[in-house]
Amino acid sequence: MTHHRVAGVSIPRLDAADKVTGRAQYAIDLTLPGTLHGVCVRSPLPHGRIRSIDKSAAAEAKGVVCIITGEDLAAMPLFPRFGMVPDRPILAIERVRFTGEPVALVVAETRAAARDAAAKVAVDYEDLPPVMTLEDALASGAVLVHEEDLTSEGPSGMGPDGKSNVLYRTEHVWGDAERALKTATVVVEDTFEYPMLYGYAMEPYNAMARFDGQGLTVWTSTHTPYMNRRELARIFSLPLSKVRVVVPYVGGNYGTKGLAKVDPLAALGSWVTGRPVKVVLSIDESMQTARGDSARIFARTGFRADGTMTARIFEILVPAGAYADVSPLVMAKMGVRCLGPYRVPNVRVRTQAVYTNTVPGAALRGFGGPQAVFAGESLMNWGAEELGIPPADIRRVNMANRGEVFHQGLRGLDSDLQADLTILQEELEEQWRVDEAEQDRRRKRGRGFAVSATNVGDETPVSTALVRIHADGTCSLLTGAVEVGQGSRTVLAQILAEEFGIPYDQVSIIQSDTGVGTYERYTAASSTTTLQGLAIQRAVQNARLRIRDLAADAWGLDADDVKKADGGVIVKDQFHDFGEVIKEWFGTEAGEVVGFGAVRGPGDLQEAPVFWEVGNVGVIVSIDSDTLQVRVDSIVTVGDCGFAINPRLVEGQELGAALGGIGGALFEELLYEGGEMINGTLIDYRVPRITDFPTAARCLLPNRQDGVGPYGARGSGEGAIQPVGAAVSAAIAHAAGVRITKLPVTPERLWRALRQAK
Amino acid sequence: MDETMEEIPINTTVNGRSVTALVEARRMLTEFLREDLGLTGVKVSCEVQVCGACTVLLDGMPVSGCSTLAAEAHERTITTIEGLSRGEELHPIQDAFVQSSALQCGYCTPGMVLTVKALLEQNPQPTENEIRHFLEGNICRCGTYGFVMEAIRSLSEAPDGSESVLG
Amino acid sequence: MWYAGGTELLLAMKMGLARPSHLIDIKRIDDLGVDLEVRGSVLEVGARVTHQRIASDTQVRRAWPAFANLSNDIGNIRVRSSGTLCGNLAFAEPRSDPATFLLAAKASVVIASKQGERDCLLSDLIVGPYQTSLADDELVVRVRIPKRLVTGYIKSQVSERPTLGLALSADTDEGLLLQPVLAVGAATDQPIIAERASRALDGAPLEPTHPKVVEAAETAAAEVETFGDLTGSAEYKSHLISVLVPRLIEHASRQFLQ
């Protein structure tokens with residue numbers, strides 16, 4: 001194993017001092033002199049036609065500067081909609097499609113004044129029948145959520161066609177699954193339901209926008225500043241060079257802040273008023289802005305007597321809400337992730353997302369994986385049970401080995417999941433024995449585990465990095481990658497320091513300002529360490545070439561006579577740090593060298609996915625035999641990220657993701673009754689607290705250095721959330737003897753399941 | 001509350017400095033601290049006393065700034081996260097959070113640190129259950145609870161237990 | 001409108017459910033009488049006393065342990081630090097832990113107005129969900145909680161509010177419950193006393209598996225007309241009553257033996 005100086009070391013987070021002192025600034029903390037504040041009037045109906053809007057009383061209220069409605073918007077020389085499929089109007093035009101949809105934007109001198117005035121905007125609606133469920137959406141002659149055909153405006157095959165509520169479909173077929181099931185010894189099947197979730201990034205959606213001579217600048221809380229830039233450029237017909245998106249620290253992300261959410265509202269306000277406009281949603285409003293996709297998954301798997309699979313069939317349905325957001329992609333990922341890291345000779349997977357009159361479904365940590373893996377891995381456990389094979393063994397006989405292609409058309413497995421499974425099993429066994437000592441007679445214990453392999457890393461990766469070497473020999477990185485809490489600032493600094501061979505406190509990381517940093521497609525899909533890491537390595541290589549040339553030029557040598565060294569070069573057996581080279585060449589005490597690095601698909605990381613992010617999670621649960629409350633007492637994860645550049649941060653990502661999974665497995669669920677969300681506050685939507693954190697939580701890091709990224713690293717952060725639903729279900733089945741098909745397993749659901757089983 | 005509600009004069013001590021201000025009767029402590037005093041370390045999130053992001057210490061006890069009237073601060077002492085460190089020198093609790101990487105996005109951190117301060121002042125050597133009970137109302141959506149508990153243990157297990165690490 | 005901790009009122013104001021023109025902060029009123037005091041065998045809790053104060057008071061912890069414990073489990077540390085007992089009762093939140101316990105404990109409140117003070121049983125104060133018998137100019141100034149030998153409170157809770165709360169108070173004679181009162185919270189639109197179950201417990205030993213206790217549990221589950229909410233259906237809450245009454249007895253027994 002290569003010896004690294006700072007890669008592989010758990011240095012303290014470089015953003016920690018800012019964050020513990022309150023100095024860390026988030027978008028919500030920023031205001032410019034003269035900033036106005038925008039507050040939305042929201043639809044009280046899930047589906048309706050706007051007959052008229054009376055803004056006269058509100059317009060006269062104290063402090064109000066302007067009130068913008070969808071009708072006003074439609075008359076403006078703007079592209080009024082946004083989204084990957086641009087089906088979402090900035091403000092509802094003629095129709096409202098979910099309760100909580102912005103109908104008007106009130107802009108006033110203070111937020112309180114805007115709020116007071118918003119209450120005075122009177123909107124007259126005509127009720128339309130709402131499409132709330134999959135059944136409503138798929139019924140023949142169903143009411144259409146979108147009546148227009150927008151299929152030509154987004155990616156191929158996506159969007160409303162004006163004839164049905166179908167948003168997108170995918171299919172994966174090989175072999176003959178139906179026929180192969182007939183040859184199986186055991187066939188297990190059921191319909192699994194995964195809930196709508198609220199990601200609850202603690203910093204609510206917010207943005208501040210300003211138009212000036214430079215164009216449009218937006219300060220916002222997002223993980224996709226370059227995508228937001230493109231959205232804003234389209235709305236206002238601006239070239240990319242005239243749109244700047246600045247992202248300070250982000251207070252919670254988990255995939256929920258991708259694509260523009262409230263940036264268009266703030267920008268619209270500023271465009272109309274000519275002043276900076278800030279729009280800050282409350283958490284209740286954020287819950288009415290985007291949510292994690294739910295799914296209903298019919299799954300069927302056939303096994304031979306020895307446990308090998310003959311075929312898998314999945315029919316995945318996703319009620320995607322009123323607008324596409326990234327639901328089509330989330331659903332497409334489900335279609336791959338449901339199969340697991342197994343060789344399956346016969347496959348038929350069909351997915352379908354439909355429009356409904358609910359809050360738009362969108363990305364959430366795991367991006368379709370938690371839904372799909374819950375179904376796929378539950379069937380692995382059931383198959384094992386019916387065949388009388390241990391659940392680890394049934395996986396082993398089917399599991400792809402490292403390097404083996406197991407999903408047609410995709411990269412072979414790039415990690416040793418078989419070895420990971422052994423580690424997981426041993427640790428879980430150990431925890432089980434430790435736990436046994438402290439048994440409570442009123443609680444029944446059970447254990448279970450599940451694994452996953454998910455196709456993350458962008459299919460057509462684009463990542464760029466610009467490094468600067470300053471005249472004192474220190475270095476900076478300009479990057480489009482966002483610090484969303486995952487620790488990118490720290491890990492990227494470690495890579496930069498490692499590559500240049502200088503101490504990490506001599507580097508600085510300038511992040512996520514599209515006006516300054518170079519292009520990064522997004523901070524998503526667990527890809528930053530891998531893709532941006534590679535881009536940094538290449539940028540450093542590029543900068544070192546320049547340093548070499550400068551040194552050769554300055555000292556009158558051939559480039560080959562300049563030797564590479566940590567933090568500098570060796571010229572005629574004499575070490576010169578980078579600063580000396582720069583100063584020598586510029587002939588003064590100043591100057592600078594830059595290096596650029598890029599990662600792309602064609603001829604580079606062409607094979608998709610860039611890597612498989614794997615998840616290995618085992619849990620021990622205990623169930624109160626009276627109330628049927630379940631708690632996760634122990635959790636074990638194997639964080640196989642190839643190489644942990646900062647082990648502590650990987651551990652934090654793994655356990656954080658796993659805890660998120662526990663929320664979705666045991667209590668998190670957005671509920672609708674009729675057209676209304678009925679638990680849309682943090683009082684009623686329960687997220688994991690410190691008391692839910694397992695008393696024993698362990699993350700093991702195999703560090704086999706088999707990843708495609710720097711030093712053999714690959715992504716982390718979403719692997720450990722994927723198997724949790726199936727692992728918790730398996731543990732509950734072990735403890736209580738019931739099969740779980742619907743998450744979350746609330747005490748009442750478990751009580752009902754047990755009563756039914758009797 | 002009525003929009004015409006009057007303004008109330010208050011004298012308060014914020015992070016050791018006395019502050020005199022006129023606040024709208026309906027104004028919440030969070031708004032007063034963030035907007036009038038620029039103390040943006042006080043975070044805004046759930047606004048229903050569940051999450052703890054807006055935690056400040058009022059006479060040493062944690063309260064939700066989002067659900068406390070600014071007028072409450074009259075003749076009382078407020079500590080926000082900005083009042084903990086002295087220049088570049090971190091408070092021991094802050095330092096423990098840094099050393100344990102007990103944060104990710106950091107949005108819950110100011111409230112979490114202040115709540116831990118109140119906990120350790122009342123109970124310098126809390127058991128794990130006492131820690132969980134005291135911090136149950138501080139949500140960390142990134143799920144750093146395990147590291148937070150490590151940070152607290154590193155403080156309460158002071159070398160010989162003779163000297164409090166709390167300044 | 002009167003205002004103390006603001007826990008419930010400010011929330012209601014933010015949601016637009018209450019729009020008072022003035023707030024009177026009773027914490028600033030000096031002559032409200034007692035704060036926290038034991039008079040003979042009665043605990044008196046004044047209008048300014050927070051849940052946290054009750055939870056940490058040594059006298060309460062010793063003589064009213066169930067009450068101290070439940071106070072320590074209300075909401076979270078911030079709610080306990082600012083929320084007051086009197087405020088909680090005057091707000092009549094249907095899932096209130098202390099209201100359920102104090103109903104079982106036969107507590108009463110002292111209500112003050114310009115006309116003077118009057119006593120009122122808690123059962124006469126809370127008349128419905130978020131509804132009390134208080135007149136506009138009246139204020140709950142203290143709560144009086146008589147000491148009983150056996151007390152207990154347990155709850156089942158997943159979200160911010162309990163799914164079910166169960167409280168017991170009783171005297172004893174040679175280990176048998178005398179004049180027991182069983183109260184149920186979060187099951188109906190206000191905490192109520194399970195009258196038939198209370199009678200069924202009369203003379204029962206503090207043994208969770210004793211037939212009288214088991215029968216009382218079934219009686220309670222049958223007599224309380226539970227309603228469903230976001231935390232659980234009516235049916236599930238009835239189930240909880242039946243399985244948790246024996247647990248309440250066990251819990252009360254442990255506390256009694258200490």
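Here is how names work: the chains are called A, B, and so on, in the same order as the sequence lines, proteins then strands, and each is numbered from 1.
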Could you pull out the closest heavy-atom pair between A:Ser488 and A:Gln511, with the gap in Å?
OG-NE2, 3.0 Å
Salt bridge check: are A:Glu203 and A:Lys257 linked by an N-O gap of less than 4.0 Å?
yes
Among the listed options B:Gly106, B:Cys140, B:Ala102, B:Gly137, the residue most often paired with chain A at heavy-atom distances under 4.5 Å:
B:Gly106
Counting only non-hydrogen atoms closer than 4.5 Å, does B:Met112 touch chain A with its backbone (N, CA, C, O), its side chain (CB onward), both, or neither?
neither
At a heavy-atom distance under 4.5 Å, which candidate from B:Ser100, B:Cys108, B:Gly41, B:Gly38 has the highest pair count against chain A?
B:Ser100
Out of A:Thr691, A:Ile690, A:Asp15, A:Leu682, which one racks up the most heavy-atom pairs below 4.5 Å with chain B?
A:Ile690
When B:Asn138, B:Leu90, B:Ile81, B:Leu84 are compared by non-hydrogen pairs under 4.5 Å with chain A, the top option
B:Ile81
When the 4.5 angstrom heavy-atom criterion is applied to B:Val50 and chain A, the contacting part is side chain
A:Ala697, part contacting chain B, at a heavy-atom distance under 4.5 Å
neither
Could you look at A:Ser282 and say if it's the side chain, the backbone, both or neither that has a heavy atom under 4.5 Å from chain B?
both
Going by atom types alone, do A:Tyr249 and A:Gln25 pair a side-chain donor with an acceptor below 3.5 Å?
no
Which of these, B:Val116, B:Leu119, B:Leu114, sits in a side chain to side chain contact (heavy atoms under 4.5 Å, CB included) with B:Ile93?
B:Val116
Interchain contact, A:Leu659 with chain B, by part (heavy-atom threshold 4.5 Å)
side chain
Checking A:Gln486 side chain against A:Val484 main chain: does a donor-acceptor pair fall under 3.5 Å?
yes
Compute the ring centroids of B:Tyr107 and A:Tyr26, then answer whether they are less than 6.0 Å apart.
yes
Just so I understand: if I count every heavy-atom pair under 4.5 Å between each of A:Ile662, A:Thr490, A:Asp29 and chain B, which residue has the most?
A:Asp29
N-O pairing of B:Arg27 and B:Glu7 below 4.0 Å:
no
Is the backbone N or O of B:Thr77 less than 3.5 Å from a side-chain atom of B:Asp59, with the two atoms forming a donor-acceptor pair by type?
yes
Proximal component of A:Arg115, with respect to chain B [non-hydrogen, under 4.5 Å]
side chain
For the interface with chain B, which of A:Lys19, A:Arg13, A:Arg648 has the highest count of heavy-atom pairs at distances below 4.5 Å?
A:Arg648
Interface check, chain A: of B:Gln94, B:Arg132, B:Arg141, most non-hydrogen pairs under 4.5 Å belong to B:Arg141
Of all the heavy-atom pairs spanning B:Ser45 and A:Tyr200, show the shortest one and how long it is.
OG-OH, 2.8 Å
Does any N or O in the side chain of B:Ser64 come within less than 3.5 Å of the main-chain N or O of B:Cys66, such that one atom is a donor and the other an acceptor?
no
The interface call for B:Glu88 against chain A, heavy-atom contacts under 4.5 Å, is side chain
For chain B, which candidate among A:Asn253, A:Asp18, A:Leu655, A:Ile28 shows the most heavy-atom pairs at distances under 4.5 Å?
A:Ile28
Whatever's closer than 4.5 Å to a heavy atom in chain B on A:Glu651 counts as both
Side chain to side chain contact (heavy atoms under 4.5 Å, CB included) with A:Ile645: which of A:Val650, A:Val9, A:Val491?
A:Val491
Answer key: most heavy-atom pairs under 4.5 Å with chain A among B:Ser101, B:Ala53, B:Ser85, B:Pro110 is B:Ser101
